[in-house]
Amino acid sequence: MSALGKVVRAGVGRRRVQTLVMTLTTMMAVTASVLAAGLLVASQAPFDHAFAQQKGAHLTAQFDGTRVTAAQAAATAHVSGVTAAAGPFPVLSLRPHVGTNDSGMPVGDRLPPMTIVGRADPGGPVDDLDLTSGRWATGTGQIVLPDGDAPFGIGDRMEFPDLPGRPSLTVVGLARSVGMSAEAWVSPAQLVALTPPGAVPTRQMLYRFDHAATDAQIGADRAAVAAAVPPGSMTGAASYLKLKLAASRASATFVPFVTAFGVLGLFMSILIIGVVVSGAVSAATRRIGILKSLGFTPAQVVRAYVAQALIPATIGTVLGVVFGDLLSIPVLGEAESAYGTGSLTVAPWIDLAVPAVALAAVAGTALVPALRAGRLRTVEAIAVGRTPRPGRGRAVRYLLGRLPLPRPVSLGLATPFSRPTRSATMATAVAFGTIGITFGAGLAMSLNDIQNGLSRRTPGAVVVQAFGAPAPPAPGTDPTGPPATPTIKPAVRPKAIAAKISAQPGTGRYFSTGQARVSVTGRAGTTTVIAYQGDYSWGSYQMVAGSWLSGPGQAVVPSGFLKATGTHLGDTITLTANGRSAPVRIVGEALDLREEGMVILTDASSLAGLRAPVLPESVEFDIDLRPGTDPQRYLTSLNAALQPLGITAQANSGQLSGTVIAMDALAAMLTLLLLAVAGLGVLNTVVLDTRERVHDLGVLKALGMSPRQTVTMVITSVAGIGLSASALGVPVGMALHDQVLPVMGHAAGTRFPAADIAVYGLPVLIPLVLGGMVIATAGALLPAGWAARARTAIALRTE
Amino acid sequence: MDAPIIEIRDVSKRYDEGRPALAGLSLEVRAGEALAVLGRSGSGKSTLLNMIAGLDKPSEGGVTVDGVRVDSLSETALAKYRRERIGMIFQFFNLLDDLTVEDNVLLPAQLAGVPRGKARARAAELLEQLGIARHARAFPGRLSGGERQRVAVARSLMNRPPLLLADEPTGALDSASAADVRELLVDLNHTGQTILLVTHDTALAASCATGTIELVDGRIARDVRAAAR
């Protein structure tokens, strides 16, 4: 081995702690960068990527099973413009009941109509499903549900008591279809078994086309397919473009905060690599002097030290890529749930680009101090050694020594002033960590407040639905059209329910809501109106601006409505139906994301003149109990009273949004990662400082400094920096939060109430400000322990 | 007769394999003595000093100083022991360059938790006594070697330790400064200060020690004191 190689190997081998710290720091930085870059890339058009990966269907068509044979449906695959097709799959729309389950759902509850597709396997040339857990339904009694949407888990059961033989299906798998081609999948044989006597399943075909980028192109494709079957036999066809729009909106909500975290992570990683590498090379100045005195040329010295930095950095980089890819599985899994798309993975080029940039950063940052050391006169390099340049921070040290503080504390507080640049970089690392935690905590609190605000639209402790939840539009149907209500019995009359609720002991106050569809003058199509009856004064949504309804003639609308219609608070809008009109004045802007905010809330009396019928299945009662009433006993008693009507009351457990949970989880993971990188940055800096000051430490210990005093001094040397960094990082994190939240709201099509954004109260700020100190202290604990345990005799010999 | 302030019994010290640094050494030093430990490099002088200062622990045997069994103390107890019972002077002074002379001298008292006023008064007294009061606000780097060693002596005496350990105190000084420090040590001993002086400078030993021992290969090869007793 050449002399240069020996020097490099010895340098790496002898400084094991520093080598380990550099490896760990590079690893964490690369892990964070891979994740951050992966998330940033995954946030760019996630629907498009997942759709392409799953070969999603541009058009999902349904044919009348009585008029179109399977062969005829299959033949549509050869229509001009079709590049791939799958099907025909038999389809039924059924209303299952909740069976035994571990998901906490009340057994026997009737579920909304569900589109069930009979499909032999999840793969295929179109709509190649991701089976996210469990297995595919291949036998009888098995069903697969969409991942993320259904409240069911694997092993839960669904009952079909209305069908002959009362079949019962067990959930055996969860799958993700970006194109949302079904709400459940069973084997074709099972679908036949579920088909009611005399009924014929419709046939589903999935297509991909040459040209499918616009509504017009999809329309032309649809017409071509329709022309290939008997006229009128294509009963429905759904374009992927509507799903894309909705998915883009969901992912757009995430992009601002993922971008904020990603940029923080990348910047911080480069900073930390710079601190670690330049510190390591600077610390070796004396050794460089010795090498030069032995005849090493400046170029050899530079090569030796750049190589010495690159060895642990390369190991760390490789490990970082591996860990980054491994960690990306849960992190991108959360992003998948959030984006509502298929599986996201770290793009392969990221696994190449991040290590390349990281190693270039290492070589670059090592080169600067190595070149400086290479240019140093040999005698200077030896003399400079590893001690900080004398004179720096003396005034501060002198002044701090005058304060009535224990000496180890004042000595510790003065330490950062000896190495101002290094201290500033460490402060920056801690500040980034604090920004991350402030932003992450604020985001979680805001999302929680927003979630609570959204939950206020069903404020009662007990909820009674005249007919379960309103049915969502089936895949492929126009959501603005009449709702699908296949095979359901008529809803119970609201008056009968109200009578039961009024008669129930423990009922405090209650109101009912029901949906109607009306037109709004100046706007095409119909809009959902939620009509309130009874004492709804306590049923206020969370208001963004203005006030809640106080009587007929008033309307409260979400931000989306105001934006879409160009109206403002105080404006009067005219509702029309059946050739009649009713003016209502907008008195409030509410937080509501349903139907992209295109909802009008008003007193039912406001609609009296329109004769617009309230959809019976949409009627819901919200009940507030008298103080002291036991909700469970009330529920049992009310359910007994409602039994003759065939409906049940439910405790209002609130709704947890999957998107909010995913955002919280993602924010928590990213915050933890930033904290770990910041902590490692501190650890490395304190290791370097401790090594440089090992002789001084020996002197202090020889003079009687106890292990506890030593730890106190080392911890204090970073605690002050941590506190200062927090003082800087917390306001920046708050500002970032205050900027990003409205952008997220904008992406979701709403404004957020000011109270949901102003979440940083004093009880939150104090721990956040102290957080920087905690990060710094955590990073310094290990080297502080080493300093306390360092053998004094050896430390004293270290010059 | 006074009880020994240092009592070393059959102390051996081995580092890894090979020849021991100290080999079954026994030694007693009485209060008021100024004992010079002579020997060549590697003879075990510094190891002996480290054992007495509690900076290192013997592989075998026991070290008792001022009634305290040093080799069995915990790190925290050793710190307290060093603060209260010994003062140390080093060849290269070991002053903290970023602290003023006064702050350097104050350190042992501050680490021991001595009240500020009392500590300052003691530091002022020592600086005055050692003739370096005018340098109180200066940083050590601006002082001559002799002045720096005076600061180190002042620091070592801050907590009035019963035992002063000096490791080659004139080794880094020019002859004038060395003579200055020699005189200082003699004066200190005359005031009753017990001193253990490690040196290879026989002139220094002769001028300020009341007795000498010479170490060879970790053993006492010659004890002039014993011969004189």
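In what follows, chains are A, B, ... by sequence order, proteins preceding strands, each numbered from 1.
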By the salt bridge (charged side-chain N to carboxylate O under 4.0 Å, His left out) test, which pairs, at least two apart or in different chains, include something from residues 64-74 of chain B? Asp66(B)-Arg85(B), Arg69(B)-Asp71(B)

Which residues in residues 706-719 of chain A have any heavy atom closer than 4.5 Å to a heavy atom of chain B? Ser706(A), Pro707(A), Gln709(A)

Chain A interface, residue from Arg137(B), Arg83(B), Lys80(B), Glu102(B) that has the most non-hydrogen pairs under 4.5 Å: Arg83(B)

Would you call Arg148(B)-Asp97(B) a salt bridge at under 4.0 Å N-O? no

Between side-chain atoms of residues 775-783 of chain A and protein atoms elsewhere (two or more places apart, or another chain), which donor-acceptor pairs fall under 3.5 Å?
{"from": "Thr777(A)", "atom 1": "OG1", "to": "Met773(A)", "atom 2": "O", "distance (Å)": "2.6"}

By number, which residues in residues 409-416 of chain A have some heavy atom less than 4.5 Å away from chain B? Leu411(A)

In terms of heavy-atom pairs under 4.5 Å, which option from Glu84(B), Met158(B), Gln110(B) contacts chain A the most? Gln110(B)

Which heavy-atom pair separates Arg182(B) from Leu204(B) by the least distance, and what is that distance? CG-CD1, 2.9 Å

Any side-chain donor near an acceptor of the partner, Thr64(B) and Arg9(B), under 3.5 Å: no

Arg394(A) to Tyr398(A) six-membered ring, cation-pi geometry met (6.0 Å, 45°): no

Heavy-atom proximity to chain A below 4.5 Å, by part of Phe90(B): side chain

Is the closest basic N to carboxylate O distance between Arg142(B) and Glu147(B) below 4.0 Å? no

Over all atoms of both residues, closest heavy-atom pair of Leu197(B) and Cys208(B): CD2-SG, 3.8 Å

When the 4.5 angstrom heavy-atom criterion is applied to Thr100(B) and chain A, the contacting part is side chain

Working to the nearest 0.5 angstrom, can you tell me the gap between Leu697(A) CG and Trp786(A) CH2? 13.5 Å

Greatest number of heavy atom pairs closer than 4.5 Å to chain A - which of Asn159(B), Ile86(B), Leu96(B): Leu96(B)

How far apart are the closest heavy atoms of Lys45(B) and Leu38(B), and which atoms are they? CD-C, 3.7 Å

Ionic contact status for Arg789(A) with Glu75(B), cut-off 4.0 Å: no

Is it true that Asp103(B) and Arg397(A) have a side-chain N and a carboxylate O under 4.0 angstrom from each other? no

